[in-house]
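A short write-up of the structure that comes next.
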Number of protein chains: 2
Amino acid sequence: MLSQVEENYLKSIFKITEKEGKPASTNAIAGDLQTTAASVTDMLKRLSEKTLIHYEKYKGVQMSDKGLTIATQLVRRHRLWEVFLVEKLEFAWDEVHDLAEQLEHIHGNSLIDRLDAFLGNPRFDPHGDPIPDAQGRWTRRKQILLSALEPGEKGIVSGVENHSPEFLQYLDQLGLVLHTQITLRERFPYDQSVRIRTDDGRELSLSEKVAANLYVEEQSGTKERR
Amino acid sequence: MLSQVEENYLKSIFKITEKEGKPASTNAIAGDLQTTAASVTDMLKRLSEKTLIHYEKYKGVQMSDKGLTIATQLVRRHRLWEVFLVEKLEFAWDEVHDLAEQLEHIHGNSLIDRLDAFLGNPRFDPHGDPIPDAQGRWTRRKQILLSALEPGEKGIVSGVENHSPEFLQYLDQLGLVLHTQITLRERFPYDQSVRIRTDDGRELSLSEKVAANLYVEEQSGTKERR
DNA sequence: AAATATTTTTAGATCAGCCCAAAATTTTAA
DNA sequence: TTAAAATTTTGGGCTGATCTAAAAATATTT
């Protein structure tokens, strides 16, 4: 069984390779896990010996099939616990990350599948991120950044790029919650800020920074491998 | 913040001193935690420096107020998670110990109080053990071992002394669940086995060993400190 | 009370996971 | 293409938690 630290490395490597589309560098991992490059090299050797990653000195690191399975499970656990914390324990969506970070390391045969069933097999977490199913399949959605929407187009708020409590709390203040339908009214060339109309008839002005951290969905998603 | 290992030591010391009514010996702790006396001595020094225990070389160890508060919280967390696993995730009562053992180490401000509220502030866990409230108060019950009941007396099955999966599964097979009302019909002097009648009219024969591991309650409990 | 047995502590090692500083390698720029 | 810059690895060392073996203290027996 893997240690929590090893699991965190796998998650980090998964996240980085997924986002960058290329092997994760030692520095990138160190930055993500708030540790030093030297510690990372140490751990990469260990993970490599357990065949959880493909690692070549100086060449960066990629997930192995085995590592990918584990990382996917970790994401699944993390996001299901987040749903539990928000839906059942009534935490706010900006409060759950650290708790889920701990809960995702709980090991047990049927625990997560039972939790999944108890929650009604949710496909997205409170931030709109997809939850892999028990077989590791992801629901992919066609979502784009609000900053890429054209004036006149409609969309449904479906997720956030930035997960920081500050941003999430700001959205709360704006009353801009997930699943709100919006229409982009206007984009101001001066600062790229946008004016939107929500389904309850309010008009809001959003800075370019906010628009670049909000996803909107145009059509419903389909199931596919990985 | 304490490490999981430190927390486990506190729980163990609490359990032993509570049961024995005197300072816990190094060996007793080592036995409980499946480790060596040398490791225990090491840890006792560390816990003592953090003023979590009162420790004097060769004299055994007792809980400090600080340690007692933490140990009580751990018991609270463990038992609330057990309730969650059984009531919400539909685990059997003999399957939840190891998971709760992990979950009790999750740290977070309002997590446990929210869980408590979500579960409806249960006062007992699935094995009938009392759950300390947020202030560390225990509900004490007047319960005695079934082996101490006299023929003709009634009682309600309220807890188990032995928590092993084997015993719990055997009770399941007998259909002897918590809150069953029973009447002791007869005790056979030959082997101290007993014959009982359950509230649904069944007659069961229980060995002395079973009777010595089952608690029955005669009247309802009262709240008191510690 | 001395001898023996048991319990507990100390001393010395190990291991995982982490760090820093220095050396090695790769990448970038001149 | 060679020097400078950036990245990565190595070597040595630290901490928390563990162990074994041996020494010290306490408890028990005769």
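Residue numbers begin at 1 in each chain, while the letters A, B, ... track the order of the sequences.
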Open item on the list: Walk along nucleotides 23-28 of chain D from 5' to 3' and tag each nucleotide B, S or - by protein heavy-atom contact under 4.0 Å, base first, then sugar-phosphate.
Closed with: -BSS--
Main chain of [Y], side chain of [X]: is a donor-acceptor contact present, judged purely on distance under 3.5 Å?
X        : Y        : value
A:Arg187 : A:Leu149 : yes
B:Arg76  : B:Gly136 : no
B:Ser110 : B:Asp113 : no

Distance in angstrom units between [X] [atom1] and [N] [atom2], rounded:
X       : N      : atom1 : atom2 : result
B:Glu6  : D:dT18 : CD    : C1'   : 14 Å
B:Gln4  : C:dG17 : CD    : P     : 14 Å
A:Leu44 : D:dT9  : CG    : C1'   : 11 Å
B:Met43 : D:dA17 : CE    : C1'   : 7 Å
B:Asn8  : D:dA17 : CG    : P     : 11 Å
B:Glu49 : D:dG16 : CD    : C1'   : 13 Å
A:Leu33 : C:dC18 : CG    : P     : 8 Å
B:Ile29 : C:dT9  : CD1   : C1'   : 14 Å

Do [X] and [Y] have side-chain N/O donor and acceptor atoms under 3.5 Å apart?
X        : Y        : result
B:His105 : B:Asn8   : yes
B:Ser164 : B:Asn162 : yes
A:Asp191 : A:Ser193 : yes

Task: Below 4.0 Å: OP1/OP2 of C:dT6 and any side-chain N or O of B:Asn27 - done: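 Looking at the OP1 and OP2 atoms of C:dT6, neither is under 4.0 Å from any side-chain N or O of B:Asn27.
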- [ ] Using a cut-off of strictly less than 4.0 Å, decide whether B:Tyr9 has a side-chain nitrogen or oxygen near OP1 or OP2 of D:dT18.
- [x]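 Indeed, a polar side-chain atom of B:Tyr9 lies that close.
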Open item on the list: Closest-nucleotide mapping onto DNA chain D: is B:Ala38 or B:Arg46 further toward the 5' terminus? I mean the 5' end.
Closed with: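 It is B:Arg46 whose nearest nucleotide is closer to the 5' end.
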- [ ] Assign each of B:Asp42 and A:Gly60 to its nearest nucleotide of DNA chain D by heavy atoms, then name whichever residue's nucleotide is nearer the 5' end.
- [x]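 Closer to the 5' end of DNA chain D: A:Gly60.
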- [ ] Would you classify A:Thr41 as touching base, sugar-phosphate or nothing, given that sugar-phosphate means primed atoms plus P, OP1 and OP2, and contacts are heavy atoms under 4.0 Å?
- [x]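 Counting heavy atoms under 4.0 Å across all strands, the contact made by A:Thr41 includes a base.
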TODO: State which residue, out of A:Glu101, A:Glu6, A:Glu18, fulfils the salt bridge (Lys or Arg N to Asp or Glu O under 4.0 Å) condition with A:Lys11.
DONE: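 With A:Lys11 as partner, A:Glu101, A:Glu6, A:Glu18 yield a single salt bridge (Lys or Arg N to Asp or Glu O under 4.0 Å), made by A:Glu101.
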Open item on the list: If you assign each of B:Tyr55 and A:Val40 to its closest nucleotide in DNA chain C, which residue comes earlier from the 5' end?
Closed with: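 Going by which nucleotide is closer to the 5' end, it is B:Tyr55.
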Side chain of [X]: nearest nucleotide among [options]?
X       : options                : result
B:Ser3  : C:dT10, D:dA17, C:dC18 : D:dA17
A:Thr36 : C:dC19, D:dT18, C:dC18 : C:dC19
B:Thr35 : D:dT7, D:dT9, D:dT18   : D:dT18
A:Ser25 : C:dT9, D:dT18, D:dT8   : D:dT8

Open item on the list: A side-chain contact here means heavy atoms from C-beta on lying under 4.5 Å apart; do A:Leu168 and A:Pro165 qualify?
Closed with: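 Result no, sub-4.5 Å side-chain heavy-atom pair not found.
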